[in-house]
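Quick notes on the structure that follows.
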Amino acid sequence: MKLTRKPKSDISTSEERLMYSMQLLGDKTRYKLFKLLMLNNKMCVSDIAAELDISVSAVSQHFSKFEMVGLVDRQRMGQKICYALKPGDQLTEKLVTIINKI
């Protein structure tokens with residue numbers, strides 16, 4: 001009888017999420033977007049675009065990646081789309097802690 005063990009090199013789902021999040025934050029614009037949300041709790045796409053002097057569509061594309069990994073919540077407010085860091089998410093909170101220490 002052959003025993004099957006999980007190799008030690010396997011990466012957990014939470015580790016994959018961490019790695020993807022770190023890749024996202026390695027981009028200067030996405031890092032700035034994340035920091036803006038840290039400082040302002042909730043911001044609408046048009047306000048973020050104006051603050052960083054980039055297009056609304058660029059902001060939306062960056063935030064779609066944050067949404068995929070679960071770092072932000074999206075809320076429609078009339079015609080506007082607004083984002084906030086996901087409350088209570090352990091990874092988001094850890095990333096905020098790390099960035100605040102810099």
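- For the atom pair I54 CD1 and Q61 CD, the distance stands at 10.0 Å (nearest 0.5 Å).
- Around CE of M22, the count of heavy atoms belonging to other residues, nucleotides or ligands within 6.0 Å does not exceed 12.
- Of the N and O atoms on the side chains of E15 and S12, at least one donor lies less than 3.5 Å from an acceptor on the other residue.
- The distance from atom CG of L18 to atom OG1 of T13, rounded to the nearest 0.5 Å, is 12.5 Å.
- The closest side-chain heavy-atom distance from S21 to L91 is below 4.5 Å.
- Looking only at side-chain heavy atoms (C-beta outward), M19 and I11 come within less than 4.5 Å of each other.
- Transitive grouping of hydrophobic side chains (ILVMFWY, heavy atoms separated by less than 4.5 Å) brings Y31 and L36 into a common cluster.
- Residues L52 and I48 have side chains in contact (heavy-atom distance under 4.5 Å, counting atoms from C-beta outward).
- Looking at heavy atoms from C-beta onward, D73 lies out of side-chain contact with Y83 at the 4.5 angstrom threshold.
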Check against side chain to side chain contact (heavy atoms under 4.5 Å, CB included), K80 and S46:
CA-CA 8 Å; K80 295 183 175 188; S46 56; 4.1 Å; yes
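- Between the side chain of R17 and the main chain of G70, a donor-acceptor pair closer than 3.5 Å is present.
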Verdict with reasoning, V72 to K86, per side chain to side chain contact (heavy atoms under 4.5 Å, CB included):
CA-CA 5 Å; V72 297; K86 192 169 217 106; 5.8 Å; no
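- Counting only distance, with no hydrogens or angles, the side chain of D27 and the backbone of R30 share a donor-acceptor pair below 3.5 Å.
- The pair K42-D47 fails the salt-bridge criterion, with no side-chain N (NZ, NE, NH1 or NH2) lying under 4.0 Å from an Asp/Glu carboxylate O.
- Annotation: side chain of F34 is in contact with side chain of L85 (closest heavy-atom distance under 4.5 Å).
- Under the 4.5 Å side-chain heavy-atom criterion for Ile, Leu, Val, Met, Phe, Trp and Tyr, V69 and I99 are members of the same hydrophobic cluster.
- For the pair N100/M38, a side-chain contact is recorded, criterion being any heavy-atom separation below 4.5 Å from C-beta on.
- The side-chain heavy atoms of F66 and L25, taken from C-beta on, include a pair separated by under 4.5 Å.
- In this structure, the side chain of R76 does not engage the main chain of I81 through any donor-acceptor pair within 3.5 Å.
- By the 4.5 Å heavy-atom criterion applied to side chains, H62 and L24 are not counted as neighbours.
- V45 approaches S60 most closely through the heavy-atom pair CG1-OG, 3.7 Å.
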